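As the structure is a prediction and not an experimental result, all values here were calculated from the model.
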Amino acid sequence: MSDINEMNVGPRWYVAHTYSGYENKVKASLEKIVENRGLGHLIFDIRIPVTTVIEKNGDVEKEVEEKIFPCYVLIKMAMTDESWHAVRNITGVTGFVGPGSRPTPLTDAEVEAFNIETTTRVELAFKVGDTVAITEGLFEGYSGTVEAISDDMKKITVLVKRGRRDMPVELDASVVKLA
């Protein structure tokens with residue numbers, strides 16, 4: 001019996017290191033191998049943790065997926081010789097995370113902390129201090145300087161020049177675009 005089979009403590013999350021940009025290819029290849037070789041009883045889940053970033057510029061919203069851990073693929077598997085070889089011999093995989101050739105499973109606390117589920121984050125095209133144009137509402141056609149952005153990225157405060165003074169106006173982020 002090999003060292004790998006002795007490490008089998010049931011299904012656990014392991015981290016495979018990949019070449020940069022190969023994460024999706026490794027995941028697809030591993031899913032095919034699991035299906036073709038009937039390894040569903042050893043390899044249960046394969047994830048590439050990503051976050052969806054919504055970039056806003058006025059009315060234009062663009063969703064972009066960003067990898068939380070570039071060059072890594074999380075695999076829930078029972079560690080055996082067969083499952084180890086299936087993962088290790090995929091093109092693009094450089095090895096498992098762990099000392100030497102001994103893959104180390106993630107602890108329950110690490111799995112919870114990494115929050116493997118997909119999360120969404122909003123990212124605006126402008127920041128505090130940028131000059132923006134207002135596209136809708138009472139101040140349509142005016143421009144001003146961004147003074148503050150709310151934590152949820154939905155409301156912004158813009159200093160609009162009215163006469164000789166700057167007037168702070170709170171607006172919805174969707175009615176403002178980079179000038």
Side-chain angles (χ1 to χ4, degrees), residues 13-32 34-35 43-77 87 90-97 106-179:
W13 283 100
Y14 292 87
V15 181
H17 187 266
T18 68
Y19 294 130
S20 180
Y22 275 70
E23 302 90 345
N24 293 329
K25 292 175 189 171
V26 166
K27 181 181 181 200
S29 296
L30 189 53
E31 287 171 343
K32 258 188 186 156
V34 167
E35 184 181 327
I43 300 174
F44 303 96
D45 199 359
I46 306 149
R47 301 248 179 116
I48 301 168
V50 295
T51 182
T52 304
V53 177
I54 301 170
E55 295 177 349
K56 287 185 177 182
N57 187 8
D59 290 340
V60 181
E61 286 187 5
K62 186 170 79 171
E63 283 191 13
V64 179
E65 272 193 357
E66 290 181 356
K67 291 176 178 64
I68 298 172
F69 305 114
C71 299
Y72 293 99
V73 176
L74 300 175
I75 305 165
K76 187 171 189 173
M77 60 190 270
V87 174
I90 291 176
T91 303
V93 173
T94 61
F96 281 97
V97 172
L106 296 175
T107 64
D108 293 337
E110 289 170 330
V111 170
E112 193 173 313
F114 288 156
N115 191 15
I116 297 171
E117 303 301 316
T118 304
T119 58
T120 300
R121 182 177 86 225
V122 174
E123 193 172 281
L124 300 173
F126 45 83
K127 60 187 180 312
V128 173
D130 285 350
T131 302
V132 294
I134 302 170
T135 59
E136 289 179 28
L138 184 61
F139 295 95
E140 182 177 353
Y142 283 92
S143 63
T145 305
V146 177
E147 183 179 56
I149 301 173
S150 68
D151 290 337
D152 63 0
M153 304 280 191
K154 291 184 179 178
K155 296 280 183 188
I156 64 165
T157 303
V158 178
L159 288 177
V160 177
K161 195 164 239 1
R162 295 284 306 220
R164 287 187 233 147
R165 67 184 203 104
D166 289 338
M167 182 170 70
V169 179
E170 187 174 275
L171 301 164
D172 193 51
S174 64
V175 302
V176 175
K177 69 177 181 179
L178 208 50

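By the side-chain hydrogen bond (donor to acceptor under 3.5 Å, both in side chains) test, Thr107 is found to be paired with Glu110, residues two or more places apart in sequence or in another chain being considered.
For the pair Val97/Tyr14, no side-chain contact is recorded, criterion being any heavy-atom separation below 4.5 Å from C-beta on. With contacts defined as side-chain heavy-atom distances shorter than 4.5 Å, the pair Leu138/Val169 does not qualify. Between His17 and Phe96, the closest side-chain pair of non-hydrogen atoms is not below 4.5 Å.
Across all their heavy atoms, Lys127 and Ile149 have their closest contact at CA-CD1, 4.0 Å. Shortest non-hydrogen contact noted between Thr94 and Tyr19 is CG2-CE2, 3.5 Å. Here the closest heavy-atom approach between residue Val128 and residue Glu147 is recorded as CG1-O, 3.5 Å. Among all heavy-atom pairs drawn from Val87 and Ala16, the shortest one is CG1-CB, 4.2 Å.
Separating the OG1 atom in Thr135 from the CD atom in Glu140 is a distance of 7.0 Å, to the nearest 0.5 Å. Atoms CD1 and NZ, from Ile46 and Lys76 in turn, are 13.0 Å apart once rounded to the nearest 0.5 Å. Here the CG atom belonging to Leu74 is positioned 9.5 Å from the CD1 atom belonging to Ile68, to the nearest 0.5 angstrom. Between atom CZ of residue Phe126 and atom CD1 of residue Ile156 there is a gap of 4.0 Å, rounded to the nearest 0.5 Å. Here the straight-line distance linking atom CG of Leu124 with atom CG of Asp130 works out to 10.5 Å at 0.5 Å rounding.
A side chain to side chain donor-acceptor pair (under 3.5 Å) check over residues 160-179, counting only residues at least two apart or in different chains, returns the pairs Tyr142-Arg162, Lys161-Asp166, Asp172-Ser174.
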Less than 3.5 Å apart, which donor and acceptor atoms pair up between the side chains of residues 21-31 and the rest of the protein, not counting sequence neighbours?
residue	atom	partner	partner atom	Å
Glu23	OE1	Gly21	N	3.4
Glu23	OE2	Cys71	N	2.5
Ser29	OG	Lys25	O	2.9

